[in-house]
Novice: 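Before we start, here is the structure in question, set down as C-alpha cells.
Throughout, numbering of the chain's residues begins at 1 and tracks the sequence.
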Amino acid sequence: MSLTLTDLFCGAGGSSSGAELVDGVRTVMAANHWRRAIDTHAYNLPHAAHDCADISQVDPRRYPHTHLLWVSPECTNHSQAKGVRAADQIPDLFGQVLPDEAAERSRATMWDVVRFVEAKLLAGHPYLGFVVENVVEVERWLPYRAWRMALQTLGYCLHTVYLNSMFAQAGGAGAPQSRDRWYTIGHRTSLGRCPDLRRWARPGATCQRCGVTGKPIQAWKNPDRPWGRYGDHGQYVGLPDRRLPRRPRLPQGPARRGGDRLDPRRHPHR
C-alpha cells in the first residue's frame, strides 16, 4: 500500500527521510517558514513539493490531501499560572529558549496540528494517522489536555511515547546523541486497532550487574508522573522484565542498585 505524507515545520528533512524508510511511505508536501530549511529539505527530498510560509497563517486547503501527517511544532515557552504569566524557560528542539515575544507566538503552533487535522476532516479527506514531535516539557503547557481532547473529538485515538533518540533502535542503530523527545501518535478510531508502540520503544541493552542483554521496560520512578526524561537524574530508567514484580510500583527516587539499571551504551546496536 502506498501512503503519502505531509511534513509541517519540516526542518532539513530528517523526519521525512525517516518516514520514507517505511515501505510505501512517500513525502509529497513539506512546509516551513525558514527558507534555509526549505532549501535543504528540497535538496534532500527533491520529489516533494515545498512551501516556504508561516504555517500558522496557511490555509490547509492549499496543500494536497495525504494519508499521513508529521508535525514538529515549536515548543511551548511559557504558561499561565493562576492568571499570572510565568516564564517556564522550556527549551525548543535545539535546546534554545525564545524571548517572550517569540515564545508567545510559538506557543500557538501546537494548535496548527488541530487546525490541519480538522480542515482535512471537513474536506472529506481525513488523515489516517499523524505524528507530533516536541520536547517532553510540552506536558507543562496549560492547554495540553484541551489540545488532546480536541484531537480525540475529531475522531482520533492518541498514544504518547517518551523516547530518547539514542534508544530509537527499532530500525537500526540509535542516534549518536542523547535527546529526550515526546511523540504523540494519532490514528482514526474507525481503523479499529491500535499500534503496539512498546516494541519500538524498548532498545537492546546490557545489564550492568549480570551482563545479560535484553529489551528493558521503561520504568517510571514516580508512577503518578509517567512522563519526562531518561536517566539517573531523569524520570525513568530501563528495568529488565525478570526484575519486576507482577504488579510493579517502583520507588519515587532513582534506582539504587547497579543491577536495576541498564546501560544502553554497552550494548552493540543491532
Novice: Does His50 reach the main-chain N or O of Ala30 with its side chain, forming a donor-acceptor pair under 3.5 Å?
Specialist: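 No: the side chain of His50 does not pair with the backbone of Ala30.
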
Novice: Just wondering, do Leu151 and Phe130 contact through their side chains at under 4.5 Å, heavy atoms?
Specialist: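 Side-chain contact under 4.5 Å: yes.
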
Novice: Indicate yes or no for a side-chain donor-acceptor contact from Thr4 to the backbone of Val28 under 3.5 Å, with no hydrogens or angles considered.
Specialist: no

Novice: Got a sec, which pairs hit salt bridge (charged side-chain N to carboxylate O under 4.0 Å, His left out) with one end in residues 40-53, sequence neighbours left out?
Specialist: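 Output for this query lists Asp51-Arg62.
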
Novice: Kindly indicate, with the supporting measurements, whether the criterion side chain to side chain contact (heavy atoms under 4.5 Å, CB included) is fulfilled by Arg148 and Thr184.
Specialist: CA-CA 9 Å; Arg148 293 181 66 92; Thr184 285; 3.6 Å; yes

Novice: Might you point out which heavy atoms bring Asn44 and Ala12 nearest each other, and give the distance in Å?
Specialist: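 Answer, listing the atom of Asn44 first, then Ala12: ND2-O, 2.9 Å.
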
Novice: Is there a side-chain contact between Tyr183 and Thr160, using heavy atoms and a 4.5 Å cut-off?
Specialist: no

Novice: Would you find more than 12 non-hydrogen atoms of other residues, nucleotides or ligands less than 6.0 Å from Arg225 atom CZ?
Specialist: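 Count over threshold, so yes.
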
Novice: Which value, rounded to the nearest 0.5 Å, describes the distance between His33 atom NE2 and Cys10 atom SG?
Specialist: 10.0 Å

Novice: Glu139 and Tyr144: side chain to side chain contact (heavy atoms under 4.5 Å, CB included), yes or no, with the steps?
Specialist: CA-CA 6 Å; Glu139 285 266 1; Tyr144 179 67; 3.4 Å; yes

Novice: With the side chain counted from C-beta on, respond yes when Val135 and Asp180 share a heavy-atom pair under 4.5 Å apart, and no when they do not.
Specialist: no

Novice: Verify the ring-centre separation between Trp141 and Trp111: is it less than 6.0 angstrom?
Specialist: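 Yes, ring centres under 6.0 Å apart.
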
Novice: Group every Ile, Leu, Val, Met, Phe, Trp and Tyr by side-chain heavy-atom contacts under 4.5 Å, then state whether Trp34 and Leu8 land in the same group.
Specialist: no

Novice: For the backbone of Gly234 and the side chain of Lys221, can you confirm whether one donor and one acceptor N or O come within less than 3.5 Å of each other?
Specialist: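 Present.
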
Novice: Between Lys120 (side chain only) and Pro60 (backbone N and O only), is there a donor and an acceptor less than 3.5 Å apart?
Specialist: yes

Novice: Find out if a path of hydrophobic residues (ILVMFWY) with successive side-chain heavy-atom gaps under 4.5 Å connects Ile38 to Leu45.
Specialist: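 No, no single cluster joins them.
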
Novice: Can the positive tip of Arg145 be found less than 6.0 Å from the middle of the six-membered ring of Trp147, inside 45° of the ring normal?
Specialist: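 Checked: cation-pi criterion not met.
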
Novice: Answer yes if the side chains of Ser15 and Asp7 hold a donor-acceptor pair under 3.5 Å, and no otherwise.
Specialist: no

Novice: Are side-chain heavy atoms of Leu197 and Ile185 found at a separation under 4.5 Å?
Specialist: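 When only atoms from C-beta onward are counted, Ile185 and Leu197 do touch, with a gap below 4.5 Å.
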
Novice: Provide the closest heavy-atom pair for Gly228 versus Val136 in the form atom of the first, atom of the second, distance.
Specialist: O-CG1, 3.7 Å

Novice: Please name the pair of heavy atoms, one in Ala150 and one in Val114, separated by the smallest distance, quoted to 0.1 Å.
Specialist: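 Taking Ala150 first and Val114 second, the nearest heavy atoms are CB-CG1, 4.0 Å.
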
Novice: Have a look at Pro73 and tell me which of Val138, Ile55, Val113 forms a side-chain contact (heavy atoms from CB on, under 4.5 Å) with it.
Specialist: Val113

Novice: Check the side chains of Asp112 and Ser56 for a donor-acceptor pair under 3.5 angstrom, ignoring hydrogens and angles.
Specialist: yes

Novice: Look up atom OG1 in Thr66 and atom CG in Leu3, then write down how far apart they are to the nearest 0.5 Å.
Specialist: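 The OG1 atom of Thr66 sits 10.0 Å away from the CG atom of Leu3.
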
Novice: In chain order, what residues pass the salt bridge (Lys or Arg N to Asp or Glu O under 4.0 Å) check against Asp23, with sequence neighbours excluded?
Specialist: none

Novice: Would His47 and Thr27 count as having a side-chain donor-acceptor pair, cut-off 3.5 Å?
Specialist: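 Short answer, no.
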
Novice: Is there a side-chain contact between Leu5 and Trp70 (heavy atoms, below 4.5 Å)?
Specialist: yes

Novice: Is the shortest side-chain heavy-atom distance between Arg140 and Trp227 below 4.5 Å?
Specialist: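 The answer is yes; the side chains approach within 4.5 Å.
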
Novice: Please round to the nearest 0.5 Å and tell me the distance separating atom NE2 of His125 and atom NE2 of His67.
Specialist: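 If I round to the nearest 0.5 Å, the distance is 10.5 Å.
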
Novice: Given the rule in the side chain to side chain contact (heavy atoms under 4.5 Å, CB included) test, do Ser165 and Arg181 qualify, once you have shown the distances and angles that lead to the verdict?
Specialist: CA-CA 7 Å; Ser165 57; Arg181 290 289 178 263; 5.7 Å; no

Novice: Tyr162 ring centre to Arg229 NZ or CZ under 6.0 Å, with the angle to the axis within 45°?
Specialist: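 Verdict for Tyr162: no cation-pi partner in Arg229.
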
Novice: Does the pair Tyr127 and Tyr156 meet the rule for a ring-ring contact (aromatic ring centres under 6.0 Å, His included), with working shown?
Specialist: CA-CA 10 Å; Tyr127 295 111; Tyr156 288 85; 7.9 Å; no

Novice: Got a second to check how far Leu154's CG is from Met149's CE, nearest 0.5 Å?
Specialist: 12.5 Å

Novice: Does some side-chain heavy atom of Tyr63 sit less than 4.5 Å from a side-chain heavy atom of Phe116?
Specialist: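 When only atoms from C-beta onward are counted, Tyr63 and Phe116 do touch, with a gap below 4.5 Å.
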
Novice: Is there a side chain to side chain contact (heavy atoms under 4.5 Å, CB included) between Ser72 and Asn134 once you walk through the steps?
Specialist: CA-CA 6 Å; Ser72 303; Asn134 214 309; over 6 Å; no

Novice: Just wondering, do Gln152 and Cys157 contact through their side chains at under 4.5 Å, heavy atoms?
Specialist: no

Novice: Looking only at heavy atoms, what is the nearest atom pair of Ser16 and His41, with distance?
Specialist: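 For Ser16 and His41, the tightest heavy-atom pair comes out as OG-NE2, 3.0 Å.
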
